[in-house]
Structure formats: structure tokens, C-alpha cells
Amino acid sequence: MSQTGTVILDHLDVPIALAPMAGGPSTPELTLAVTEAGGFGQLAAGYLSVADTAARIATTRAATTKPFGVNLFVPGPPTPVADLADYLAELGAEHDLGEARFDDDDWEAKLDLLVSDPVAAVSFTFGCPSAAEIARLHTAGSEVWVTITSPAEARIAVDSGADVLIAQGAEAGGHRATFVDRTADDQTDPLSLLALLQLLTTTVDAPLVATGGIATGAGIAATLAAGAAAAQLGTVFLRCPEAGTHSVHRSALTTDTPTMLTRAFTGRRARGLRNRFTLEHSATAPTGYPEIHYATAALRAAARSAGNFDEVNLWAGQTHTLATDRPAGELVRILASDTKTALEKALSRRIQSC
Ligand SMILES: Cc1cc2nc3c(=O)[nH]c(=O)nc-3n(C[C@H](O)[C@H](O)[C@H](O)COP(=O)(O)O)c2cc1C
């Protein structure tokens with residue numbers, strides 16, 4: 001199928017987007033470094049107040065004339081309290097827990113902010129905004145990028161009016177973007193990036209941004225060859241000096257600890273470095289986002305302060321050992337040059353046509 005372009009993707013100097021990374025790592029400085037190096041920087045608005053989101057947009061806009069994006073969490077329904085009781089009792093036996101409360105991450109107010117103070121693109125995870133919400137953002141002049149993890153979600157996003165699909169493979173660090181998070185889905189392997197891209201290019205006709213486990217020029221080249229218009233990288237930027245990554249997380253990323261998918265910290269499936277908390281609680285953790293996220297927030301903060309990486313959510317993708325502490329702009333330039341080299345090398349392979 002042919003792929004239409006978008007204003008942003010068609011004008012990027014390098015086909016690299018910075019993944020939004022809520023919870024600390026995303027900063028205006030990191031967004032700016034990637035943007036100024038010719039990539040597409042995105043700010044994460046998840047967990048932030050509306051005022052802090054507005055302030056970060058203002059800081060970024062004051063420092064560049066280039067386009068950048070802002071990412072929002074699409075809220076799901078509250079979890080019935082009874083579904084969480086056993087798990088909260090299990091955690092509560094060893095830890096002081098916070099209130100397992102629900103909120104929608106200020107969804108309406110953040111949308112209103114982005115309609116009144118538009119950015120080049122608004123990207124989404126955890127669901128698809130309604131057609132009316134997407135239309136509001138279009139009227140404000142923004143592109144709408146929706147993260148999807150399957151062809152079925154891709155069709156919903158396209159039917160709702162999304163301009164770009166961010167295809168998230170199983171390799172990705174952080175939360176899975178799935179529209180509906182179900183414990184039953186733990187019995188099914190999530191699609192890896194290359195499998196997902198091949199399925200998408202034969203089922204939807206929308207520009208794709210590939211994400212999950214991409215940390216080298218060769219990785220970017222592979223996703224471009226598989227039909228993506230750009231690659232979105234997260235974990236490889238976590239150790240950059242411009243990132244707001246906590247020191248405990250930074251130093252854990254220098255180890256070769258394997259990653260795993262877990263609901264233990266937040267009640268939503270996410271990939272992070274394996275540690276004692278994930279090993280002890282992943283089997284029993286129920287679906288329950290954001291309630292479990294709030295219940296464990298204080299224990300995670302205390303562990304961070306104490307330098308105890310065994311009780312911190314160390315989000316990371318499968319290629320985290322490739323992350324370095326290079327400045328982000330330098331990293332983008334190296335990745336761009338390595339992408340070109342990898343594509344040329346691939347093209348130099350002999351392919352005999354019959
Ligand atoms: C620390 C961290 C925080 C993340 N926060 C967000 C977020 O706020 N919004 C979002 O859409 N994706 C978030 N993600 C997922 C990324 O958008 C992306 O899918 C992922 O980083 C790609 O895999 P990689 O980390 O292997 O590059 C996060 C990922 C990490 C590692």
C-alpha cells in the first residue's frame with residue numbers, strides 16, 4: 001500500500017523522533033537537543049499538571065522555531081476496588097502504600113490547553129481519542145499521532161482521523177500503549193516491531209513511526225526498509241545529560257540486567273529492568289492503572305532517595321545496554337549517519353532478479 005506523508009515527517013532532516021518519556025526523563029532540554037539536531041522532539045505531559053505542561057511548552061517554544069510535539073495519556077475506566085484488594089494486601093504486608101486512587105491525568109484540561117496553545121503534533125498513548133477530539137486538534141492546526149500495538153488498534157486510529165500511527169513493538173521500554181489493558185492478554189505474546197510493521201503495511205494506509213528497541217542506525221534503517229517513515233527512540237536517550245532521568249535509573253541502565261514486562265509497579269503492563277520487586281510481584285499484580293501506580297508512588301520515591309534500585313520502576317527497552325551518556329544532539333547526528341551507512345550497505349547486497 002502507498003503511504004501518504006505528513007507535514008512533519010516530510011520535512012524532518014533526519015527520520016528520528018524522540019519518544020515522550022513521562023515521569024522525569026522528558027525535559028524541554030532533551031526535546032530541544034533532538035529538535036535542533038534535525039529530529040522530532042516530543043514533550044511528555046503524562047503525570048504533569050496543566051500548568052507544568054504549559055510551562056514546558058513555553059520553555060521549548062522560546063528556544064526553537066522548529067516543530068515539536070506533546071504527548072498525552074488517554075484515560076481508561078476506573079478499576080473496581082475489589083479487583084485490587086488482594087494485591088494491595090500483598091504489597092501492604094511489606095510496604096507503606098499510598099491511596100489506590102483513580103484520575104484521568106487531567107485529560108480535558110490538557111486537551112483544552114493544546115487546543116488553545118497548539119503544537120505541531122499531539123501524540124497519544126493508552127488509547128485513541130474520539131473523532132471529535134481529533135477534529136478539535138486538527139482545527140487548532142496540530143497533527144495527531146496515535147500509538148498502536150496491533151492492526152486492530154491501527155484501524156480504530158485511522159477511522160478516528162489519526163494522521164500518523166506510532167507502531168509500538170513488544171521490545172519497547174515503558175508502558176505498553178494498548179488501548180485496553182487486560183490481564184487475559186498476558187497469555188498472548190505482544191507483537192514485536194518487525195512483525196507489527198509488516199502487518200500494518202498490508203492493512204492500513206497511514207504514515208508509520210516505528211518504536212521499540214531501536215538504538216542504532218542499523219535499527220533505524222531496518223524500520224525504514226520495513227515501511228516506517230521515521231523511528232521513535234526512547235531508552236537510548238535516557239542516559240543523555242539533557243534527560244531528567246533519576247540517578248538510580250541512570251546507573252541501573254549501565255548494567256546488563258535483562259528487561260521484563262510487568263504490572264507490578266503500576267497495574268499496566270510495562271517493560272523495565274528486572275529487579276526484586278518485579279520478580280516478587282509480577283505474577284500476582286492485576287490490571288489496575290492508575291490505581292496501582294498511585295498506591296506504589298511513595299514506596300518508589302523512597303527507594304529512589306535511598307538508592308535502592310530493587311523497588312524502583314526502571315523502565316527500559318530491550319536494547320538498553322546500547323544507551324550511552326553522549327549529549328542528545330551528538331547522538332542524533334551519529335544515528336543519522338549510521339542509518340545512511342546501514343541503508344547503503346543493505347543496498348550493496350546482491351539480489352538476483354529472475
Ligand atoms: C522511561 C520511559 C517513559 C515512557 N513514557 C512514555 C510516555 O509518557 N508516553 C508515551 O507515549 N510513551 C512513553 N514511553 C514509551 C515510548 O514512547 C516508546 O514506545 C519506547 O521508549 C520505545 O522503546 P525504546 O525505549 O526501546 O526505544 C516511555 C518509555 C520509557 C523508557
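Numbers here simply count residues along the sequence, with the first being 1. For clarity, every value in this text was computed on a predicted model and none was experimentally measured. All ligand and atom numbering here is 1-based and tracks the order in the structure.
Of all protein heavy atoms, the one closest to atom 13 (C) of ligand 1 is Pro20 O, 3.1 Å. Nearest protein neighbour of atom 27 (O) of ligand 1, counting heavy atoms only, is Gly234 N, 2.9 Å. Protein heavy atom nearest atom 9 (N) of ligand 1, with residue, atom name and distance: Asn71 OD1, 2.8 Å. Residue, atom and distance of the protein heavy atom nearest to atom 29 (C) of ligand 1 are Gly173 O, 3.2 Å. Thr211 OG1, 3.1 Å is the protein heavy atom nearest to atom 22 (C) of ligand 1. Nearest protein heavy-atom neighbour of atom 16 (C) of ligand 1: Ala19 CB, 3.7 Å. Closest protein heavy atom to atom 26 (O) of ligand 1: Gly213 N, 2.8 Å.
Without hydrogens or angle criteria, Glu143 side chain to Asp163 main chain gives no donor-acceptor distance under 3.5 Å.
Residue contacts with ligand 1: Ala22 is placed with a nitrogen or oxygen under 3.5 Å of a nitrogen or oxygen of the ligand (distance criterion only). Considering backbone and side-chain N/O atoms, His175 never comes within less than 3.5 Å of an N/O atom of ligand 1. Residue Gln168 has at least one N or O atom closer than 3.5 Å to an N or O atom of ligand 1. Every N/O-N/O distance between Gln318 and ligand 1 stays at or above 3.5 Å.
With a 4.0 Å heavy-atom cut-off, ligand 1 is reached by the backbone of Thr235 and by its side chain too.
When the heavy-atom distances from atom 1 (C) of ligand 1 to Trp315, Tyr47, Phe73, Phe237 are ranked, the shortest goes to Trp315. For atom 17 (O) of ligand 1, the choice among Gln232, Met21, Glu171 with the nearest heavy atom turns out to be Gln232.
A heavy-atom distance below 4.5 Å is not found between the side chains of Thr216 and Val236.
Shown in contact with Gly317 at under 4.0 Å from a heavy atom are these atoms of ligand 1, numbered in order with element: 26 (O).
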Please set out all donor-acceptor pairs under 3.5 angstrom arising from side-chain atoms of residues 75-88, sequence neighbours excluded.
from  : atom 1 : to     : atom 2 : distance (Å)
Thr79 : OG1    : Glu291 : OE1    : 2.9
Thr79 : OG1    : Glu291 : OE2    : 3.4
Tyr87 : OH     : Ala264 : O      : 2.7

